[in-house]
> 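Just dropping this structure here.
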Number of protein chains: 2
Amino acid sequence: MNSQDSTTPGPDETRRMFAARGLKLTHQRLEVFCELAAAKDHPCAETVWRRVRERVPTISLDTVYRTLAVLREYGLAARVPVDGDMARFDGDTAPHHHLACECCGRIDDLPLGEFDPAVLPEAVSAWGRVRDAQVVVRGICRRCLESGEHGPTRSDADQTPS
Amino acid sequence: MNSQDSTTPGPDETRRMFAARGLKLTHQRLEVFCELAAAKDHPCAETVWRRVRERVPTISLDTVYRTLAVLREYGLAARVPVDGDMARFDGDTAPHHHLACECCGRIDDLPLGEFDPAVLPEAVSAWGRVRDAQVVVRGICRRCLESGEHGPTRSDADQTPS
DNA sequence: TTCGGTGCAAATTATTTGCATCTGG
DNA sequence: CCAGATGCAAATAATTTGCACCGAA
């Protein structure tokens, strides 16, 4: 497949991926898609919007929501399985795991070779069809621990709160 | 079929657990707590409310929300890490895993001996303090597969839709 | 008796949707 | 040219909160 993180799909690659699925590629969609693909912090819809707006000042938040829904529907994006007030998105659809801070809301990728989703007990195939299996670790990140800001603080943003 | 694993805390046990944490035990709290402890379907707040209301007709939905928040704060309940429109709760705070159907929203416990959360790479302890680590499997349950009702249907309820 | 819990209703917040307009293919 | 995408604003849906009253300790 594509390389680790160096290959953030460029405009050409993106155009091809959209065409392959019969999706219309608009300026907004291109920017949302590339922004999400480049992001490593699993942003929420509003954060994607805030970032894309710097390049496309006229894009509306609901277009971002609609685009994210479409990307998800066509397997070009995924929602991270975390419990929180807002949905978090991931441009990396390859199977991997996550670390989520319950204090500041940051979500990081978790390199974990130990766990192989393919090795699920047969009870699972009896349950139904698996789309994805991942390990979700919840805790308090070092930054929050050091700033003494931990606690049931269930904060908010996923980006710099500036 | 409430006591499969013996420990659905009764009123006495509950009274003790609350007292141990300096929590006032009201009629409503007792019912919410026992209802959640007995549930095996990881209900959302409204479902807990609907069920408890059969025994306490006057309980309000926001009391259920507040109670669930308190239980969570004191480690007597947990939120299931799934992405969805509503929060799902679990009265079982012992480490275990989950299976979530993306079609009907049902969530089941996943018996999985293979994966031991204790065996996390050192990279995790460098990241911060872990509160819990679990495997989350997302897919389509057998019932949905057979009823042909699968698809990006991201349904709703966690209980009988009646 | 007292402080915290509860119910009601209004407020917030995230996300969705109707509609007229615009645009990629 | 035209089906589908966008922007705006209003509509939903889930969850929270202010406030006066009530009940457990």
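Per chain, numbering begins at 1; letters A, B, ... match sequence-line order. Model, not experiment: these values are computed from the prediction.
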> Can you check whether B:Tyr65 has a side-chain N or O nearer than 4.0 Å to OP1 or OP2 of D:dT15?
yes
> Round to a whole Å and report the spacing from CE of B:Met86 to C1' of C:dT16.
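About 15 Å, once rounded to whole Å.
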> Tell me which residues in residues 18-28 of chain A put a heavy atom below 4.0 Å from DNA chain D, sorted by number, or none.
A:Lys24, A:Thr26, A:Gln28
> Indicate yes or no: at least one non-hydrogen side-chain atom of B:Pro43 is less than 4.5 angstrom from one of B:Leu36.
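Contact flag for B:Pro43/B:Leu36 side chains = yes.
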> Starting at atom CG of A:Asp83, determine the distance to atom C1' of D:dT15, rounded to an integer number of angstrom.
14 Å
> I want to check one thing: is the phosphate of C:dT6, taken as OP1 and OP2, less than 4.0 Å away from some side-chain N or O of B:Arg66?
no
> In whole Å, I'd like the distance from the CG atom of A:Asp62 to the P atom of D:dA13.
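Taking atom P of D:dA13 as the reference, CG of A:Asp62 is at 18 Å.
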> Please check if A:Val124 and B:Ile107 belong to a single hydrophobic cluster, counting links between Ile, Leu, Val, Met, Phe, Trp and Tyr side chain heavy atoms closer than 4.5 Å.
no
> Does B:Asp62 come within less than 4.0 Å of B:Arg66, counting only side-chain N to carboxylate O?
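Judged by the 4.0 Å cut-off on N to carboxylate O distance, B:Asp62 and B:Arg66 do form a salt bridge.
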> What is the distance from CZ of B:Arg15 to P of D:dA25, rounded to the nearest Å?
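Distance, rounded to whole Å: 6 Å.
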> The side chain of A:Ala45 lies closest to which of these nucleotides: D:dT15, C:dT15, D:dG7?
C:dT15
> In whole angstrom, what separates B:Arg88's CZ from D:dT15's C1'?
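My rounded result for the distance is 16 Å.
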> Within this structure, what is the CD-to-P distance between A:Glu31 and C:dG24, rounded to whole angstrom?
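About 13 Å, once rounded to whole Å.
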> Report yes or no: do B:Leu112 and A:Leu112 belong to one cluster of Ile/Leu/Val/Met/Phe/Trp/Tyr joined by side chain heavy-atom distances under 4.5 Å?
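Looking at the clustering, A:Leu112 is in the same group as B:Leu112.
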> Just to confirm, is there a sub-4.0 Å distance from OP1 or OP2 of D:dG7 to any side-chain nitrogen or oxygen of A:Ser60?
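It does, given that an N or O in the side chain of A:Ser60 lies less than 4.0 Å from OP1 or OP2 of D:dG7.
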> How many whole angstroms separate atom OH of A:Tyr74 from atom C1' of D:dG4?
11 Å
> Any side-chain heavy atom of B:Glu31 within less than 4.5 Å of one from B:Ile59?
no
> Can you name the one residue among A:Val82, A:Leu110, A:Asp109 that meets side chain to side chain contact (heavy atoms under 4.5 Å, CB included) with A:His98?
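Among A:Val82, A:Leu110, A:Asp109, the one meeting side chain to side chain contact (heavy atoms under 4.5 Å, CB included) with A:His98 is A:Asp109.
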> Between D:dA25 atom P and B:Arg29 atom CZ, what is the distance in whole Å?
10 Å
> Does a sphere of radius 6.0 Å around CZ in B:Arg15 hold more than 12 heavy atoms from other residues, nucleotides or ligands, not counting ones at 6.0 Å or beyond?
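Result for CZ/B:Arg15: open.
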